[in-house]
Peer 1: 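My questions all concern the structure below.
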Amino acid sequence: MKKNLLSIIILALLVVNIVLSAIMMISVSSATKKTASLVADIAAVIGLEIEGLPDSNLATSVPMSETEVYNITGELTIPLKTGEDGKSHFAMGTVSLSMNSAHEDYATYSETMATKEGLIKDIIFSVMANYTMEEAKSNSAAIKNEIIQEIQKLFGSDFIFAISYSFLYQ
């Protein structure tokens, strides 16, 4: 009889343990969801992406001695996507491309950069036109990454590895 009573007490304690464990898991999972939501909101505010930093394979390490800079001639005035305020905004400024002079395609394309400038400007205009003024100010790394990818597709080479721009927004 004592063995059966002891078994019933152990069974009751097991059931209580399972119920308390379930309650604890529910409370912890809801807190975890709230924490994840808070982290996502903070990341959105400071402009980070959950997937990580922009493609690190594009950010090649080229020594300064092998870096040549091509400046796009003239100041660009780029119309931006209409924002929440309903007004038209523009980005005005200059653009420079960084090229790897040790790359095998550098000799081929560096001499003809002036003739390809119209195509490069078109890529810059088309990428920037997808962003509002607020997005362009806060997502410059993503915009530069997208422009570089498009330019590399145009040339079929990655001898152009970075873009620098200085825009004023109005």
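The shown structure was predicted, so the numbers you read here are calculated from the model rather than taken from an experiment. FYI, the numbering just counts along the sequence from 1.
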Peer 1: Enter the distance from I23:CD1 to S27:OG here, rounded to the nearest 0.5 Å.
Peer 2: 8.5 Å
Peer 1: Taking C-beta and beyond as the side chain, do F155 and K116 meet within less than 4.5 Å on heavy atoms?
Peer 2: yes
Peer 1: Of the options I151, V95, I147, I163, which is the one that meets I120 in a side chain to side chain contact (heavy atoms under 4.5 Å, CB included)?
Peer 2: I151
Peer 1: Please answer whether the main-chain N or O of M92 pairs with a side-chain N or O of T77 as donor and acceptor at a distance below 3.5 Å.
Peer 2: no
Peer 1: Any idea which heavy atoms bring A129 and K81 closest together, and the distance?
Peer 2: O-CB, 3.5 Å
Peer 1: Can you name the nearest heavy-atom pair linking S96 to V69, along with the distance?
Peer 2: CB-CG1, 3.8 Å
Peer 1: Q152 side chain to F161 main-chain N or O, any donor-acceptor pair under 3.5 Å?
Peer 2: no
Peer 1: Measure the CG-OG distance between N145 and S140 for me, rounded to the nearest 0.5 Å.
Peer 2: 11.0 Å
Peer 1: Of all the heavy-atom pairs spanning D105 and S157, show the shortest one and how long it is.
Peer 2: OD2-OG, 2.6 Å
Peer 1: Look at the aromatic rings of Y165 and F167 and report parallel, tilted or perpendicular, splitting at 30° and 60°.
Peer 2: tilted
Peer 1: Checking Y131 now: which residues fulfil side chain to side chain donor-acceptor pair (under 3.5 Å) with it, not counting sequence neighbours?
Peer 2: E146
Peer 1: Shortest non-hydrogen contact from T115 to T112?
Peer 2: OG1-O, 2.7 Å
Peer 1: With a 4.5 Å limit on heavy-atom distance, are the side chains of I123 and K153 in contact?
Peer 2: no
Peer 1: Does atom CD of Q170 have more than 12 heavy-atom neighbours from other groups under 6.0 Å away?
Peer 2: no
Peer 1: To the nearest 0.5 Å, what is the distance between CG (L80) and NZ (K137)?
Peer 2: 10.0 Å
Peer 1: Less than 4.5 Å apart, any side-chain heavy atom of Y70 and any of I160?
Peer 2: no
Peer 1: Determine yes or no for a side-chain-to-main-chain donor-acceptor pair under 3.5 angstrom, with T67 supplying the side chain and P63 the backbone.
Peer 2: yes
Peer 1: In sequence, state the C-alpha distance, the side-chain angles, and the governing distance for S126 and N130, and then conclude on side chain to side chain contact (heavy atoms under 4.5 Å, CB included).
Peer 2: CA-CA 7 Å; S126 64; N130 294 327; 5.9 Å; no
Peer 1: Please tell me whether F125 and F90 are part of a single hydrophobic cluster in this structure, the criterion being side-chain heavy atoms less than 4.5 Å apart.
Peer 2: no
Peer 1: Roughly how far, to the nearest 0.5 Å, is CD of E150 from CD1 of I148?
Peer 2: 11.0 Å
Peer 1: Which heavy atom of S110 sits nearest a heavy atom of A107, and at what distance?
Peer 2: OG-O, 3.9 Å
Peer 1: Please determine whether residues L14 and L6 belong to a single hydrophobic cluster, defined as Ile, Leu, Val, Met, Phe, Trp and Tyr linked transitively by side-chain heavy-atom distances below 4.5 Å.
Peer 2: yes
Peer 1: Could you please spell out the steps behind the side chain to side chain donor-acceptor pair (under 3.5 Å) verdict for E117 and T73?
Peer 2: CA-CA 8 Å; E117 194 171 298; T73 57; 2.4 Å; yes
Peer 1: Are the side chains of I124 and I78 in touch, meaning some heavy atoms are under 4.5 Å apart?
Peer 2: yes
Peer 1: Strictly distance-based, threshold 3.5 Å: is any side-chain N or O of E135 a donor or acceptor partner for the main-chain N or O of T132?
Peer 2: yes
Peer 1: Following the transitive rule for hydrophobic clusters with a side-chain heavy-atom cut-off under 4.5 Å over Ile, Leu, Val, Met, Phe, Trp and Tyr, establish whether M99 and Y109 coincide in one cluster.
Peer 2: yes
Peer 1: How close do E68 and S101 get, heavy atom to heavy atom, and via which atoms?
Peer 2: CG-CB, 3.8 Å
Peer 1: If you measure from CE on M64 to OG on S98, what distance do you get to the nearest 0.5 Å?
Peer 2: 8.0 Å
Peer 1: Please list, chain by chain and in numerical order, all residues satisfying side chain to side chain donor-acceptor pair (under 3.5 Å) with T82, sequence neighbours excluded.
Peer 2: none
Peer 1: I'd like to know if the side chain of T35 reaches the main chain of A31, judged simply by a donor and an acceptor atom lying under 3.5 Å from each other, with no hydrogens or angles considered.
Peer 2: yes
Peer 1: Take L97 and M113 through the test side chain to side chain contact (heavy atoms under 4.5 Å, CB included) and record every step on the way to the result.
Peer 2: CA-CA 10 Å; L97 302 173; M113 287 297 289; 3.8 Å; yes
